[in-house]
Amino acid sequence: MLMLYNTLTRQKEVFTPIQAGQVRLYVCGMTVYDLCHLGHARVLVVFDMIYRYLQAAGYQVTYIRNITDIDDKIIRRALENNEPWQTLTARYIQAMREDAAALNVLPPGAEPRATEHIPAIIAMIRRLIDKGHAYPAENGDVYYQVSSFANYGRLSGKTTADLQAGARIQPGEQKQDPLDFALWKGAKPDEPTWDSPWGPGRPGWHIECSAMSTQALGDSFDIHGGGADLAFPHHENEIAQSEAATGHPFVNYWLHNGFVRINDEKMSKSLGNFFTIRDVMQTYTAEEIRYFILASHYRSPLHYADAQLTQARASLTRLYTALRDLPEVAPIGAEDQTTAFHAAMADDFNTPVALAVLFSLVRAINRARQKDLGQAAGLAATLRTLGGILGLLQQAPDDYLRNAFFVGPDVAEIEHKIAQRTAAKAAKDWATADRIRAQLAATGIVLEDNQTGTRWRHQSTT
RNA sequence: GGCCGAAUGGCAGAAUGGCUAUGCAGCGGACUGCAAAUCCGUGUAUCUCGGUUCGACUCCGGGUUCGGCCUCCA
């Protein structure tokens, strides 16, 4: 039984899909005007984990993650760069896909883009006007009339009275009420525009998600996700738009992931305290970043610090070490761990507990390999399968353990030194053997002697 | 100011009305020429003050601290 924490009700609820065995999932993706930072990485990884788990749990999942490819920031950045907005967004869409692929994030079923759904957006705005939930203004804008939607504020726990206090009408806007928001923005100089019944202009931000999600998934669907900062106003507005337009309940379960923090502050562009995925990949592998993200519950704050990534490295080293030197066989048994893993995941995607289960499997493998290699191999296959549900542990162990990240001598050099040391050991020249080992250690190479010889790996902690 | 959330051992991070994860680090032992890896064992915690309860870290209330949303933000 899958339990989900639903932002709408602020409690865990039993998940019941609209159609048995099927999940329709929509996640608000990126606005593509810059490189993805760790906050974006968290959304990508968290919902990828959810996507993978739902499938592993037997659901047929339709996963839609949109791309916002027109908005104020994109227009401004394109002007600054003196380039067409299309080349700017194409570049960052490409970068985002590369980052996602590095993080082992599966492509969603579709990645609809706002600028490719203008007709659907216009159609929805027209319906909202027809039904008396929206109105065109003289400046070419179209606004949503918040007072026309009774449930406004339900998702974010706000009342329209609370919101009135801080609301302002910006210069140039022609809202009837400060809470009203733009569905369509009338053309301004130097801005891309599309034709509409209300004159040339471009869509507001919120309407694209209402239009694209209902077009792809129907008027009502199961799960809508995104970062916690989108709950208000973005998701609140999506509900108001969609339900007013379709007359049906929009989404049953709202999932919001917590922020990435740095020095106890939200990592964000405006604070300037962000690291891009690419920044971090200078020092840590993408799988280490993925592990770091999944080592905390998706709703908890995720504290970014070097020590955390180093811990992720140490953890992955232990996991991959358990997988070394075992033949590829079918997964076996390990019913306790498999059950515990799925129970953890079914409890609102408790990845920290799921990871803890993987470590209990590691212990079982290491114990078994002393007496029954076949059993150890079977358990290792189980470990890989469960890790795969988290999108982890899919590399060859030595590819991870000897990854090229660490500065050190090349492989031929390492093996040459190991051969020298083996000779010294045979001659019981311990001083020489230890000196060679110390030399390699100084360059971050760790040696391990066993019955069959000496093997090496990169150091996992500093 | 309004609303929401969080405070757990050296660090990170789960869970639970009583049996108290997991990883790293520490300590003891086995193994090893010595190590490493591995195995076995082990110590350390629930912000604060009240309340409910046979029993609370867990539930309730006050306080403190921190974070978030209320404007673009994943």
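Keep in mind the model is a prediction, meaning the values are calculated, not measured. Each chain gets a letter, A, B and so on, in the order its sequence line appears, and its residues count up from 1.
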What integer number of Å spans the [atom1] atoms of [N] and [M]?
N: B:rG61; M: B:rC27; atom1: C1'; result: 43 Å
N: B:rG5; M: B:rG63; atom1: P; result: 16 Å
N: B:rU22; M: B:rA15; atom1: P; result: 15 Å
N: B:rA6; M: B:rU42; atom1: C1'; result: 32 Å
N: B:rC69; M: B:rG43; atom1: P; result: 42 Å

* **Min side-chain heavy-atom separation A:Phe292-A:Tyr284 under 4.5 Å** => no

* Mind checking whether A:Thr7 and A:His235 have side chains closer than 4.5 Å, heavy atoms only? -> no

* Complementary nucleotide of B:rC47, counting Watson-Crick and G-U pairs under 3.5 Å ->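 Check on B:rC47: paired to B:rG63, both distances under 3.5 Å.
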
* To do: Name the orientation class of the two ring planes belonging to A:Tyr304 and A:Phe275 (parallel below 30°, tilted from 30 to 60°, perpendicular beyond 60°).
  =>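 Correct class here is tilted.
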
Nearest-Å distance for atom pair [atom1]/[atom2], residues [X] and [N]:
X: A:Met49; N: B:rA74; atom1: CE; atom2: P; answer: 19 Å
X: A:Asp34; N: B:rA74; atom1: CG; atom2: P; answer: 11 Å
X: A:Glu288; N: B:rC24; atom1: CD; atom2: P; answer: 15 Å

* **RNA chain B-proximal residues of residues 355-365 of chain A, any heavy atom under 4.0 Å** =>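 Heavy-atom cutoff 4.0 Å gives A:Ala356, A:Phe359, A:Arg363.
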
* Identify whether any heavy atom of A:Gly29 sits under 4.0 Å from a base atom; if not, whether one sits that close to sugar-phosphate; answer base, sugar-phosphate or nothing. => sugar-phosphate

* Give a yes/no verdict on base stacking between B:rG33 and A:Trp430: centres under 5.5 Å, planes within less than 30° of parallel. =>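 It does: the ring sits over the base of B:rG33.
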
